[in-house]
Asker: 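The structure that follows is given in the form of C-alpha cells.
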2 protein chains.
Amino acid sequence: MFTIGRNTDYASRIVLHLACLEPGARVTAADIASRRLIPSAFIRRIVSRLSAVGVLATVRGSGGGIALARPAAQITLREVVEAFEGPLSLNVCVASPAICPLSVTCPVQQAWVGATQHLAAFLTGVTFGDLAREIRDPQSVP
Amino acid sequence: MFTIGRNTDYASRIVLHLACLEPGARVTAADIASRRLIPSAFIRRIVSRLSAVGVLATVRGSGGGIALARPAAQITLREVVEAFEGPLSLNVCVASPAICPLSVTCPVQQAWVGATQHLAAFLTGVTFGDLAREIRDPQSVP
DNA sequence: CGTAATGTTACCAGAATAGTAATCTTTATC
DNA sequence: GATAAAGATTACTATTCTGGTAACATTACG
Ligand code: SF4
Ligand code: SF4
C-alpha cells in the first residue's frame with residue numbers, strides 16, 4: 001500500500017503529544033503510551049531512537065521522563081520520518097543509482113528524484129509547532 | 001526504506017519501452033524482458049495487470065504481443081504506480097481514517113493527506129510521453 | 001538499598017516481497 | 001487440423017520485513 005510503518009506513526013504521536021504540553025514539560029513514556037494508544041513495550045525503542053536522533057531529551061532514573069530536545073517549532077515531520085524510514089527515497093535508484101544498470105539513461109529515475117524532492121520539501125515544511133496549534137478538541141490535550 | 005516495490009518499477013520499464021517505439025508498435029513480452037532486465041517469468045503477471053488496468057493492449061497467439069492501449073502522452077506515472085501499490089496513501093489513515101481512533105482530532109493525519117495529494121499531483125503530471133522524449137542515448141531505443 | 005524510570009537486546013509469528021515454475025488458453029500460420 | 005508461438009493463470013518457495021512481546025541492564029533519586 002506504500003505507506004509509512006507503524007513505528008514512524010507512533011513516533012509522530014509521541015512528538016505531537018509533547019508538543020501540545022507546556023514547553024519543556026517532561027512526561028514518562030508509559031504515560032504517553034497509554035494516552036496515545038502505543039503498545040507499552042514498544043515505546044521504549046521508539047523513544048530511544050528519537051533521542052539518538054536529537055529530537056527527544058530523556059532523563060533516566062526515578063522521576064525521569066522524556067521531553068522535546070528543541071522547541072516544537074524546530075522539529076519537522078520529515079525528521080521524524082527519516083529517523084525510522086531512512087533517507088527519503090521513493091525508488092531504490094534515488095538513494096543509490098548504481099543499483100540499477102539502466103539508471104544512466106533512465107528518465108523515470110529523474111521523475112522519482114523529483115517526486116522525492118517534492119515530498120521532502122513538503123514534510124520539511126510541516127513542524128510540530130504548527131501541528132500542535134491545530135488541535136481543536138481540548139479533550140485530546142489532557 | 002519507504003520505496004515502491006520492484007513490480008512497480010518493472011512496470012514502468014515496460015511502459016517506457018513501448019513509449020519509445022513507434023506509436024502502436026507491438027512487441028513480445030519476452031523481448032522487453034530481455035532488453036529491460038526483467039526476470040522473464042516475472043513479466044507475465046505484470047503485463048497481465050497492466051492490461052487489466054487499461055494501460056496495455058495485448059494480443060494472444062502466434063504473432064501476438066503487447067502494445068500501449070492509449071497514446072503514451074495519456075499514460076501517467078501515477079496510473080502505473082497505483083496499479084501495483086494501490087491508491088496512493090502515505091499513511092494508513094489517509095485511505096481509511098476509521099482505522100485509527102485518534103484520527104478525529106489528529107493534525108498529523110491532515111499533514112499526511114496533504115503530502116499524499118501533493119505526491120499524487122506530481123505523479124499525475126508525469127506522462128510517459130514526456131519521459132520517452134527525454135531519452136538522449138539512442139542506444140537504449142533499439 | 002529499593003524503586004522508578006529509560007536503554008538494550010533477543011526473540012517470535014505472521015505478512016509481504018521477489019522470484020520460480022508449471023500449466024492452460026488463444027490464435028496465426030502452414 | 002496440427003503445430004507452434006504467444007499471453008493468462010495459478011501455485012509454490014525462500015527470504016526478508018513488520019509489528020509486537022519479553023526479559024534484562026542501566027541510571028538516578030531518596
Ligand atoms: S529502471 Fe529507471 S526508475 Fe527503475 S530502478 Fe532503474 S533507473 Fe530507477
Ligand atoms: S495517529 Fe494521526 S497520523 Fe497516526 S494513524 Fe492515527 S490519525 Fe493517522
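What you see is a predicted model; the values in this text were computed from it and never measured. To find a chain, count down the sequence lines: A is the first, B the second, and so on, and within it residues start at 1.
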Asker: Starting at CZ of B:R6 and ending at P of D:dT16, how long is that distance when rounded to a whole Å?
Answerer: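 From B:R6 CZ to D:dT16 P: 16 Å.
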Asker: D:dG7 P sits how many Å from B:I38 CD1, rounded?
Answerer: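 Answer to the nearest Å: 13 Å.
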Asker: If you find the nucleotide of DNA chain D closest to A:R44 and the one closest to B:R44, which residue's nucleotide is nearer the 5' end?
Answerer: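 Per heavy-atom nearest nucleotide, the more 5' residue is B:R44.
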Asker: Hydrophobic cluster membership, with links at side-chain heavy-atom distances under 4.5 Å among I/L/V/M/F/W/Y: are B:V80 and B:L21 in one?
Answerer: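 Yes, because B:V80 and B:L21 connect within a single hydrophobic cluster, where side-chain heavy atoms sit under 4.5 Å apart.
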Asker: Please report the closest heavy-atom contact between B:F84 and B:N7, naming both atoms and the distance.
Answerer: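 Nearest heavy atoms, B:F84 then B:N7: CD2-CB, 3.8 Å.
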Asker: Taking all non-hydrogen atoms of both residues, which atom of A:A111 and which atom of B:V126 are closest, and how far apart?
Answerer: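 Scanning both residues, the minimum pair turns out to be CB-CG1, 4.1 Å.
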Asker: Check whether the side chains of B:T28 and B:D31 place a donor and an acceptor atom closer than 3.5 Å, and report yes or no.
Answerer: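 B:D31 and B:T28 do not have a side-chain donor-acceptor pair below 3.5 Å.
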Asker: Take B:E85 and B:P39, find for each the nucleotide of DNA chain C with the closest heavy atom, and name the residue whose nucleotide sits nearer the 5' end.
Answerer: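 Of the two residues, B:E85 wins.
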Asker: Whole Å only: how far is the CZ atom of A:R60 from the C1' atom of D:dT27?
Answerer: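 Answer to the nearest Å: 5 Å.
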Asker: Rounding to an integer number of Å, can you tell me how far B:I46 CD1 sits from D:dT10 C1'?
Answerer: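 Distance check: B:I46 CD1 to D:dT10 C1' gives 16 Å.
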Asker: Could you tell me whether the side chains of A:S103 and A:Q109 share a donor-acceptor contact shorter than 3.5 Å?
Answerer: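 Note: A:S103 and A:Q109 side chains miss the donor-acceptor criterion.
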Asker: For the residue pair B:R44 and B:F42, would you count it as a cation-pi contact if the rule is NZ or CZ under 6.0 angstrom from the ring centre and within 45 degrees of the ring axis?
Answerer: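 The answer is no, since B:R44 fails at least one limit relative to B:F42.
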Asker: Look at the side chain of A:R45 against the base of D:dG20 and say whether a donor-acceptor pair falls under 3.5 Å; ignore hydrogens and angles.
Answerer: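 Such a pair is found, so the answer is yes.
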Asker: Using the closest heavy atom to pick a nucleotide of DNA chain D for each, name whichever of A:Y10 or A:S62 lands nearer the 5' end.
Answerer: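 The 5'-side residue here is A:Y10.
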Asker: Whole angstrom is fine here: how far is it from CZ in A:F84 over to C1' in D:dC17?
Answerer: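 Between C1' of D:dC17 and CZ of A:F84: 16 Å.
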Asker: Identify the 5'-most and 3'-most nucleotides of DNA chain C with at least one atom closer than 4.0 Å to a non-hydrogen atom of chain B.
Answerer: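 From 5' to 3', the first and last contacting nucleotides are C:dA18 to C:dA28.
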Asker: Can you tell me how far P of D:dT21 sits from CD1 of A:I43, to the nearest Å?
Answerer: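 Spelled out: CD1 on A:I43 to P on D:dT21 is 13 Å.
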